[in-house]
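Because the structure is a prediction, the values reported are computed rather than measured. Just follow the structure's listing: the first ligand is 1, and inside any ligand the first atom is 1.
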Amino acid sequence: MKNLVDASHKVLMRIASIDVHAMPYSEAVHLAQTLRTLLNAHNHRYHVLDAPVVADNEYDRLFRALERIEAQYPDLIAPDSPTHRTGAAPLDRFERVRHPTALLSLGKAFDEAELEAWYERCLRGLRGRFGEDARPQMTVEPKMDGLAVALTYERGKLVLGATRGDGAEGENITSNVRTIPSIPLSIPVLPVSAEDSGGVVPPDRMEVRGEIYIRNRDFEKLNETAAAAGDKLYANPRNAAAGSVRQLDPSITASRPLSFMAYGTGPVEGIEAPPEGQHALLARLRAYGFRVSEHVARSDSIGEVKSLYEAWRRKREELDYEIDGLVVKIDRFDWQEALGFVSNAPRWAVACKFPAKEATTVLNDIKVSVGRTGVIKPEAVLEPVPVAGVIVSSATLHNEEYIRDRDIRIGDRVIVKRAGDVIPQVVKPIEEVRSGRERKWEMPVHCPVCGSELRTLPDEVDSYCASIDCPAQFIRLVEHFASRGAMDIEGLGAKLAVTLVEEGLVGNLADIYVLVAEQLIALDLFAEKRADNLLEGIEASKKRPLGRLVFGLGIRHVGRATAELLVARYASLDALSRVGAEEIEQIEGVGEVIAKSVESWFAVEANRELIRRLRESGVNTERLPEEAPQGLEDSGRATGKTFVLTGTLPTLGRKEAATRIKQAGGRVVGSVSSNTDYVVAGENPGSKRERATELGIAILDENQLLALLDE
Ligand code: IVH
């Protein structure tokens, strides 16, 4: 690897000063070969190992140098040149290709008992052949949920890419697979040095089998782009991968974020030291330069394999790609051969499937609910359907734009998805099965609970009810205020929040702190003991850290992390209530939208009154020592000082200046007041400088600032 870095930098220096046109042919031949090797190796590190060792712009410079040489000497263009991944012309149709040996499917196990039964069958077969103490090693791999393909390499060069098709015959997609960066055009990828290549020699001929897929994050981006362009959306990453691979124009495939993971081989000829089992084969494929799953396990205990299955069923969400199960394989190839095949599936492997995360059902209606900050959320009322082991009858539709982008209509058959603990969501309608009786939906104009007119803010997709008297909103707020991440009031959950508000006991958050036992017991649901417990919970919540209170107030856009940022800067609710948006915005991590939202929340008289009442009830409104910002006390020269930046600084940008001040322990605020220690003024400083002069505040230029910070 060090060789790769050194070699690249040497070549970068060299190409910085060469003139391609003046270069002798023999030198061009040599340099083109070196560049190709380096680019393939960097491509491999970036797309297969996720571990690049040069900067993007260095890669680009190497790439452009090769392009220039190839433009000057077209006969130097090799089929495996990294510059020629995307060059092929569009096709009229895909040619059919017959697979030399069929791409089989796998027998399935849907639970532990079926997995165990598969293992017992293997054991019986193996013990009959190899003796009673035969105990097979098993390889356990994630089952990639993508598109199966076969890639043929001749003397290390990619010559054919084919889809699985019906297993016997597929389609020739060579030009398309060439555009996928994690598919090596030649193997091994790394002949830069003996150390890097490990002396790997490619077989004379080999078919590599694996799965083309799209990572979840890439899929989301792809669909966002499609939605913005008004294009059709893909239902899931697998469909997106399949749709992208089966494009007649390779340049479209090239524009899609496809990846490839290898899990095996078809026919192989002329291979040195052939691997003796699946595990060794995967290691070999990795050495050739293929991406191979990093989650392959090996075990000779079916109990252990069952635990892996259970564990991955829960952990599948942690991966950035979709898996629909695990594949368990008997490791040794000679034992695989002994077990053989049944119809079109091997006896030596089994697909342990996970419950499907998606299902289709009918969207019976769309209703809206009011969230705690007044946001109106459209919700799908579904014909109940089991998804991943749970009956789903409602799902989120996010917002009006989501429904519009996907053209989701009432009465549609829709795809519903449930991933882990996430709320089920409607993915998209199946437009092909529409009857014509489906109805478009429109966002109501009035709040379904309080009837006041709904609003939308510019640049925001949500509609919301702006009425502070909206009971639905208030119930959600009480629930949020008492929730674990906020004031953590034991015993005050969603149900009780409804009762307290509907019975008129709580009409304002501060009312929570004046509840008495008699009132609670008078509500039928309360026994004396439970009332006492609740009151104890309320009492305990008075001592919560300030960050939790700020979060609990339900200020629009202020999540837990933002609340903590605010508290790190302002030591009390009082201090926070007095500052303007411009100053709040100076906090790193707090943007304009949040700052404005905080300012306008504190501007409402009823909210100020709420804070007064909370304080009077003994609720903590001061920052606790453990919430204080870390490490400021002992840091730089600007500790505790407040700065205002104005005008254009000659060399430092405003951002850079602010960062340096913060690093030295200072604060940067937006407006000049008597609390300001320094105003740093550049060119065209405007009124802030005047105000500083009026107030007698020290004015620094950039040099003076740097002197102050660095001294
Ligand atoms: S082995 C002879 N290993 O699952 C068995 N297949 O039903 C060859 N798949 O479409 C398949 N991940 O593309 C194997 N780690 C893995 C796999 C895997 C996904 C797909 C395969 C095929 C289907 C088999």
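Other residues, nucleotides and ligands place no more than 12 heavy atoms under 6.0 Å from the OH atom of Y46.
Counting protein heavy atoms only, atom 20 (C) of ligand 1 is closest to E211 OE1, 3.6 Å. Among protein heavy atoms, atom 2 (C) of ligand 1 sits closest to P346 CG, 3.5 Å. Atom 10 (O) of ligand 1 has its closest protein heavy atom at A148 CB, 3.7 Å.
Residue Y263 has at least one nitrogen or oxygen atom sitting less than 3.5 Å from a nitrogen or oxygen atom of ligand 1, judged on distance alone. Residue M144 has at least one nitrogen or oxygen atom sitting less than 3.5 Å from a nitrogen or oxygen atom of ligand 1, judged on distance alone. Here's the thing with K329: one of its N/O atoms is less than 3.5 angstrom from an N/O atom of ligand 1.
Contact analysis leaves G146 out of contact with ligand 1, as no non-hydrogen atom separation drops below 4.0 angstrom.
The E141 neighbourhood of ligand 1 comprises atoms 3 (N), 15 (N), 16 (C), with distances under 4.0 Å to a heavy atom of that residue.
One finds the CD atom of Q247 at 4.5 Å from the CD1 atom of I252 (value rounded to the nearest 0.5 Å).
The proximity of K143 to ligand 1, defined as any non-hydrogen pair under 4.0 Å, involves the side chain as well as the backbone. Heavy atoms from both the backbone and the side chain of L106 come within less than 4.0 Å of ligand 1. Proximity of A345 to ligand 1, defined as any heavy-atom pair under 4.0 Å, is not found for any part of the residue.
Using cut-offs of 30° and 60° for the angle between ring planes, the W335 and F130 rings count as parallel.
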